[in-house]
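For reference, the structure is listed below as structure tokens.
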Amino acid sequence: MDDQTRMLAGLAGLGGLSQGDVGDQDSVRKQLGQPQQDIGDILQQIMAITDESLDEAQARKHALNCHRMKPALFSVLCEIKEKTVLSIRGIQDEDPPDPQIMRLDNMLLAEGVSGPEKGGGSAAAAAAAAAAGGSPGADGGIEHSDYRAKLAQIRQIYHSELEKYEQACSEFTNHVMNLLREQSRTRPISPKEIERMVAIIHRKFSSIQMQLKQSTCEAVMILRSRFLDARRKRRNFNKQATEVLNEYFYSHLSNPYPSEEAKEELAKKCAITVSQVSNWFGNKRIRYKKNIGKFQEEANLYAVKTAVDAASVSAQASQANSPATPNSGGYPAPCYTPDGRL
DNA sequence: CTAGATGATTCTGC
DNA sequence: GCAGAATCATCTAG
């Protein structure tokens, strides 16, 4: 039995007919005794509403609302609705928060785009600046503020777009809700259905929002990578720092592995970080080993230097340890004479 | 502009 | 976690 027949049967039932009498629409019409206002006509009128002007439609709607058959039709619709809603239920279960959107939210929060205005942004910028390496000076500051400015720009665009979406979403939701409330006078619409419709709309808008979040994340990543690449924008250590490091290296050539304390001391002397000292020694060891010949001259130079220093120190305290390398094992020593000549 | 130098990063083995 | 090695990206002298 299709819906329309069921509806007619329902109406017939309401009109005091027995089920057995409901054979076809004609018999219903006959039994109702209203040939000029039969159900088919009413349905026809409902269908035609969409083709009419607003005023006509309003008038027609009013006429339908006042029609004596309206409550009966309404209850039949309710009955049909009940069935369909039952079949729909279960499909539309509450879905858990989208992990994708959660990931994007977390990232935007961490990058200081969606979080509180001051905290995250500058923190992220500071992190980027810190990652840029302990290169002290004006450049770090410029990069820092530049990064912050760019991030603020992204943040602003993100928020204005988000606001637009939210506004559009709430406007659209209101509009749909009003429409549904209005329609609920002519067809059965439960508050739950309205709720579900609102949820559907929100889902649609949140998928749009996800696109916004995604593109914002991409923008942040591009910005970030640009600034993280800047960490490779290195500065050579100044001459004095290189000298201090070389002095230590060549005077400890047998074991050019400064202890943690020695590294700290060197870092302080050279105004660089301990990890930079480690990098420097790492690079130096490998490059020295690879091409001892090339470093020979430099090695001799520093050997003389340390020898001279040692001499002046030993003049004051003859028992003091000479910084000159005894060179027992470890890296090959440069060949030099005690007076500094090759 | 280019080659070499140099600081930083990444990968691998211990 | 550290050191060695390879590699990257930039700096710098010519």
Side-chain angles (χ1 to χ4, degrees), chain A residues 107 110-112 122-151 217-306 323-336 340 342:
Chain A
M107 187 179 157
E111 294 297 334
S122 55
S135 55
D139 273 10
I142 290 164
E143 282 169 10
H144 183 189
S145 67
D146 202 23
Y147 180 89
R148 209 160 47 177
K150 292 259 165 35
L151 194 71
C217 276
E218 273 166 25
V220 171
M221 289 320 279
I222 290 165
L223 179 70
R224 217 176 145 73
S225 72
R226 250 181 50 204
F227 276 84
L228 282 177
D229 277 351
R231 68 195 158 172
R232 287 185 180 277
K233 209 185 221 168
R234 59 177 186 77
R235 286 249 167 276
N236 287 352
F237 299 155
N238 63 40
K239 216 175 158 203
Q240 186 253 337
T242 314
E243 218 154 278
V244 168
L245 294 166
N246 272 317
E247 234 169 83
Y248 187 97
F249 181 81
Y250 288 112
S251 67
H252 295 78
L253 207 51
S254 61
N255 185 36
Y257 299 89
S259 64
E260 208 51 41
E261 294 83 53
K263 278 184 195 170
E264 275 169 31
E265 183 70 28
L266 288 166
K268 213 189 294 176
K269 270 191 194 168
C270 304
I272 57 177
T273 65
V274 172
S275 64
Q276 281 179 302
V277 173
S278 299
N279 284 339
W280 189 92
F281 273 89
N283 285 323
K284 190 72 183 180
R285 279 191 299 264
I286 193 87
R287 284 164 188 164
Y288 179 83
K289 207 170 95 176
K290 262 189 184 170
N291 196 349
I292 296 167
K294 202 181 77 184
F295 288 95
Q296 196 86 159
E297 204 178 325
E298 188 181 63
N300 290 333
L301 205 75
Y302 281 100
V304 175
K305 205 167 158 19
T306 48
T325 315
N327 196 43
S328 51
Y331 285 77
C335 54
Y336 65 94
L342 285 167

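Letters A, B, ... mirror the listed sequences (proteins, then strands); counts begin at 1.
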Write down the distance between [atom1] ([X]) and [atom2] ([N]), rounded to a whole number of angstrom.
{"X": "A:Lys284", "N": "B:dG7", "atom1": "NZ", "atom2": "P", "answer": "9 Å"}
{"X": "A:Leu245", "N": "B:dG7", "atom1": "CG", "atom2": "P", "answer": "8 Å"}
{"X": "A:Phe295", "N": "B:dT6", "atom1": "CZ", "atom2": "C1'", "answer": "10 Å"}
{"X": "A:Phe249", "N": "B:dG7", "atom1": "CZ", "atom2": "P", "answer": "13 Å"}
{"X": "A:Asn291", "N": "B:dA5", "atom1": "CG", "atom2": "P", "answer": "9 Å"}
{"X": "A:Phe281", "N": "C:dA5", "atom1": "CZ", "atom2": "P", "answer": "17 Å"}
{"X": "A:Trp280", "N": "C:dA3", "atom1": "CH2", "atom2": "P", "answer": "15 Å"}
{"X": "A:Asn236", "N": "B:dT6", "atom1": "CG", "atom2": "P", "answer": "7 Å"}

Q: Name all stems that contain residues of DNA chain B, defined as runs of 3 or more consecutive Watson-Crick or G-U wobble pairs, both distances under 3.5 Å.
A: B:1-14 with C:1-14

Counting only side-chain heavy atoms from C-beta out, which of [options] sits nearest to [X]?
{"X": "A:Lys289", "options": "C:dA3, C:dG4, B:dA5", "result": "C:dG4"}
{"X": "A:Phe237", "options": "C:dA3, B:dT6, B:dA8", "result": "B:dA8"}
{"X": "A:Ile286", "options": "B:dG7, C:dC11, C:dA5", "result": "C:dA5"}
{"X": "A:Gln276", "options": "B:dA5, C:dA6, B:dA8", "result": "B:dA8"}
{"X": "A:Lys290", "options": "C:dG4, B:dT6, C:dA6", "result": "C:dA6"}
{"X": "A:Arg287", "options": "B:dA5, B:dT6, C:dG4", "result": "B:dT6"}

Q) Is a donor-acceptor contact shorter than 3.5 angstrom present between the side chain of A:Asn283 and the base of B:dA8? A)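 When only heavy-atom distances are counted, A:Asn283 does reach the base of B:dA8 through a donor-acceptor pair under 3.5 Å.
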
What's the shortest heavy-atom distance between [X] and [Y], and which atoms?
{"X": "A:Arg285", "Y": "A:Pro258", "value": "NH1-CD, 4.4 Å"}
{"X": "A:Ser259", "Y": "A:Tyr248", "value": "N-OH, 4.4 Å"}
{"X": "A:Val274", "Y": "A:Ala267", "value": "N-CB, 3.9 Å"}

Q: Give a yes or no on whether a salt bridge exists between A:Glu298 and A:Lys284, defined as a side-chain N under 4.0 angstrom from a carboxylate O.
A: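 Yes.
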
Q.
Check the phosphate of B:dG7 against A:Arg235, side-chain N and O only, distance under 4.0 Å to OP1 or OP2. Yes or no?
A. no

(Q) Among A:Phe249, A:Phe281, A:Tyr302, A:Trp280, exactly one meets ring pair (Phe, Tyr, Trp, His ring centres under 6.0 Å) together with A:Tyr288. Which residue is that? (A) A:Phe249

Q: Mind checking the CG-NZ spacing from A:Leu245 to A:Lys263? Nearest 0.5 Å is all I need.
A: 12.0 Å

(Q) Among residues at least two apart in sequence or on other chains, which ones pass side-chain contact (heavy atoms from CB on, under 4.5 Å) with A:Ser275? (A) A:Thr273

